[in-house]
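Worth saying up front: this structure is predicted, and the values here are computed from it rather than measured.
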Amino acid sequence: MSAPGADGRERRDATRTVADDAPVFVISVAAELAGMHAQTLRQYDRLGLVTPGRTPGGGRRYSPRDVALLREVQRLSQEDGVNLAGIKRIIDLESRVEALQQRVHELLGELEGSEHRRIAAESALRSGFGSPLRRADLVPVRPPSSALVVWRPRESR
């Protein structure tokens with residue numbers, strides 16, 4: 001397999017594409033890829049630092065994203081001297097930031113769509129009425145009617 005793309009979403013192989021979050025590695029392979037001992041991965045799972053997917057039988061399966069996270073945990077611990085509780089907090093905050101960024105992106109898309117619909121509606125109103133918009137143009141007013149409606153209650157049964 002080749003390295004993850006610039007966006008970190010997928011890993012491409014000559015024959016197939018694997019999602020970055022697909023649980024594909026058994027614990028021994030993930031430990032080797034991350035440069036750690038398998039027992040360290042088990043401990044990180046117990047602490048909630050890196051939670052791999054599970055097989056129906058309960059076996060751990062790590063994704064390429066999990067392996068990258070294991071490497072980041074190791075870097076924060078060894079190079080920056082952050083304790084495991086601090087690393088957990090960092091991971092949680094980064095996850096929240098990512099979720100919020102995704103939501104902002106969604107909302108900006110919705111806002112853009114709304115703006116396009118508003119502009120189209122204004123254009124349609126202007127072309128339909130042939131003159132600049134006036135408040136009265138937004139709600140058509142019917143001329144008064146002289147129709148008479150007679151109402152008779154039904155007979156009781």
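Between Leu41 and Ala30, the closest heavy-atom pair is CD2-CB, 3.8 Å. Considering every non-hydrogen atom in both Ile87 and Val73, the closest pair reads CD1-O, 3.6 Å. Taking all atoms of both residues into account, the shortest heavy-atom contact from Pro23 to Gly53 is CB-CA, 4.4 Å.
Residues passing the side chain to side chain contact (heavy atoms under 4.5 Å, CB included) test with Glu94, sequence neighbours excluded: Ile90. Listed by chain and number, the residues in a salt bridge (Lys or Arg N to Asp or Glu O under 4.0 Å) with Arg96 amount to none (sequence neighbours excluded). For Glu110, the side chain to side chain contact (heavy atoms under 4.5 Å, CB included) partners two or more places apart in sequence, or in a different chain, are Arg103, Leu107. Listed by chain and number, the residues in a side chain to side chain donor-acceptor pair (under 3.5 Å) with Arg61 amount to none (sequence neighbours excluded). In this view, Asn83 satisfies the side chain to side chain donor-acceptor pair (under 3.5 Å) rule with no residue, not counting sequence neighbours. The side chain to side chain contact (heavy atoms under 4.5 Å, CB included) search around Leu111 returns none, not counting sequence neighbours. Every residue meeting the side chain to side chain contact (heavy atoms under 4.5 Å, CB included) condition with Leu33, not counting sequence neighbours, appears here in chain and number order: Phe25, Val29, Val67, Arg71. Taking the side chain to side chain donor-acceptor pair (under 3.5 Å) definition, one finds that Arg75 meets it with Glu72, Asp80, sequence neighbours left out. Judged as a side chain to side chain donor-acceptor pair (under 3.5 Å), and not counting sequence neighbours, the contacts of Arg46 are Gln43.
Through ILVMFWY side-chain contacts below 4.5 Å, Trp151 is grouped with nothing and stands alone.
For the side chain to side chain donor-acceptor pair (under 3.5 Å) condition, the pairs that include at least one residue of residues 48-58, sequence neighbours left out, are Asp45-Arg54. Legend: salt bridge (Lys or Arg N to Asp or Glu O under 4.0 Å) pairs involving residues 32-44, not counting sequence neighbours: none detected.
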Kindly indicate, with the supporting measurements, whether the criterion side chain to side chain donor-acceptor pair (under 3.5 Å) is fulfilled by Ser63 and Asp66.
CA-CA 5 Å; Ser63 69; Asp66 293 333; 3.2 Å; yes
Evaluate Leu69 against Ile91 for side chain to side chain contact (heavy atoms under 4.5 Å, CB included), listing each step before the verdict.
CA-CA 9 Å; Leu69 185 55; Ile91 291 169; 3.9 Å; yes
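Within the 4.5 Å cutoff, no side-chain heavy atoms of Tyr62 are placed close to those of Val24. Contact annotation: the side chain of Met36 approaches that of Leu70 to within less than 4.5 Å [non-hydrogen atoms, C-beta and beyond].
Remark: Tyr44 OH to Gln74 CD distance equals 7.0 Å, nearest 0.5 Å. Expressed to the nearest 0.5 Å, how far CD1 of Ile27 lies from CZ of Arg60 amounts to 5.0 Å. With values rounded to the nearest 0.5 angstrom, Ser77 atom OG is found 6.0 Å from Leu84 atom CG.
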